[in-house]
Amino acid sequence: MDDQTRMMTGLTGLGGLAQADVGDPDSVRKQQSLGQPQQDIGDILQQIMAITDESLDEAQARKHALNCHRMKPALFSVLCEIKEKTVLSIRGVQEEDPPDPQIMRLDNMLLAEGVSGPEKGGGSAAAAAAAAAAGGSPTDSSIEHSDYRAKLAQIRQIYHSELEKYEQACSEFTNHVMNLLREQSRTRPISPKEIERMVAIIHRKFSSIQMQLKQSTCEAVMILRSRFLDARRKRRNFNKQATEVLNEYFYSHLSNPYPSEEAKEELAKKCGITVSQVSNWFGNKRIRYKKNIGKFQEEANLYAVKTAVDAANVSAQASQANSPATCCTFYSCFVFFNYMFYM
DNA sequence: AGGCATGATTGGAC
DNA sequence: GTCCAATCATGCCT
């Protein structure tokens, strides 16, 4: 007997029960033993429709009678088996879907930003890096840093409280549906496997809602981060001493104003700025000097004299011979290099 | 407010 | 990767 035939037989049997024989096992036996013709499917549908016209008490009584019927367990298991084969087997395999790559991306990002996972000052590395790149004073960067962390903590808090709400709602709803299905399983064929499947469906639905929450949280973090990183554009002029150190190096190496990596590191250390800021400064300085040597002449002379005096002092300390001629020699050399290099 | 100074960024060449 | 050149964006001075 194929599934379809068995199902029809099952329905026919129930149809017979629904019509008149519920509560009267003998009648069923009589029908079966006498081999009465199967009722038309139209009759069965009519009977089902007629149930809606019944009063609640009548329906309850019928339900009770049905539950007590001796054929019920057998019919129930047949229907479960048919459902298992026709419906669950079709969907079963495909529903084992792999983890969504988008959710994985969102999870990774939230973890990296310190929104999900253990709280350990997430994003502070980014904040520190941005603060360093901004080249602001330690006070400024620490203010911005703490502001960033406070806002991130706020996002984190909202995210976790919403997540908790979703999880609670999901668990409540799952329990509710499970209870409902268990209750219904007394009157219609619902196998435990089907209940499990329903739970999985609910979890998937809630997980898609969770994804929206994760997406919004990621967006909020990105906005916060971009705002924070935009602070880089809030240019701060280097302090006077730093500019002086850089200019001294520039004008004393005018013949080749390209500091080595080591020299850049040394200058960065002296000036309290980053190596890339030193590189930027020299890049800007070279191009601006080259474009308008005349404008920088006075500055160049000033630093040349300063360098010369410093060198002379060092020399004097060494040889006790501090002659003005030394200054003149250094200055001459400077002017010579200056014009040779850039003219 | 406007103009200049200056640090940062970007795109192309090497 | 560095460097140059152009450009942007902001700071600062008048």
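To find a chain, count down the sequence lines: A is the first, B the second, and so on, and within it residues start at 1. Values below: all heavy atoms of this structure, side chains included; hydrogens, waters and symmetry mates excluded. Since this is a predicted model, take the numbers as computed values, not measurements.
- Summarising the geometry, the separation between CG on A/Asn247 and P on B/dT6 is reported as 9 Å, rounded to the nearest angstrom.
- Rounded to the nearest 0.5 Å, atoms CH2 (A/Trp281) and OG (A/Ser276) are 15.0 Å apart.
- Following rounding to the nearest Å, A/Phe282 (CZ) and C/dT2 (P) show an atom-to-atom distance of 15 Å.
- Here A/Lys264 does not reach the OP1 or OP2 of C/dT2: none of its side-chain N or O atoms lies under 4.0 Å away.
- Side-chain atoms of A/Arg236 lie closest to C/dG11 of the nucleotides C/dG11, C/dC4, B/dA8.
- Taking the six-membered ring for Trp, A/Tyr249 and A/Phe282 have ring centres closer than 6.0 Å.
- Across B/dG7, C/dC4, B/dA5, the shortest atom-to-atom separation from the side chain of A/Lys295 is found for B/dA5.
- Contact annotation: the side chain of A/Phe238 approaches that of A/Gln277 to within less than 4.5 Å [non-hydrogen atoms, C-beta and beyond].
- Each of A/Ser279 and A/Asn284 was assigned the nucleotide of DNA chain C with the nearest heavy atom; the assignment lying further toward the 5' end belongs to A/Ser279.
- Between the C1' atom of C/dA5 and the OH atom of A/Tyr289 lies a distance of 19 Å, rounded to the nearest Å.
- C/dT2 atom C1' lies 15 Å from atom CD of A/Glu265, rounded to whole Å.
- In this structure, CD1 of A/Ile273 is placed 8 Å from P of B/dG7, rounded to the nearest angstrom.
- Closest contact between the side chain of A/Arg288 and the listed nucleotides B/dA5, B/dT6, C/dA5 involves B/dT6.
- Between the CD1 atom of A/Ile287 and the P atom of B/dA8 there is a distance of 17 Å, rounded to whole Å.
- You'll find the side chain of A/Glu265 reaches within 4.5 Å of the side chain of A/Glu261, heavy atoms only.
- If you check C/dA6, C/dC3, B/dG7 against the side chain of A/Trp281, the one that comes closest is B/dG7.
- Not a single donor-acceptor pair, N or O on each side, falls under 3.5 Å between the base of B/dA5 and the side chain of A/Asn237.
- Dashed line: the shortest gap from a side-chain N or O of A/Lys285 to OP1 or OP2 of B/dA5 is not under 4.0 Å.
- With rounding to whole Å, A/Lys291 atom NZ is found 8 Å from C/dA5 atom P.
- The distance between atom CZ of A/Phe238 and atom P of C/dT10, rounded to the nearest whole Å, is 17 Å.
- For the pair A/Glu299 and A/Lys285, the salt-bridge criterion is met [side-chain N within less than 4.0 Å of a carboxylate O].
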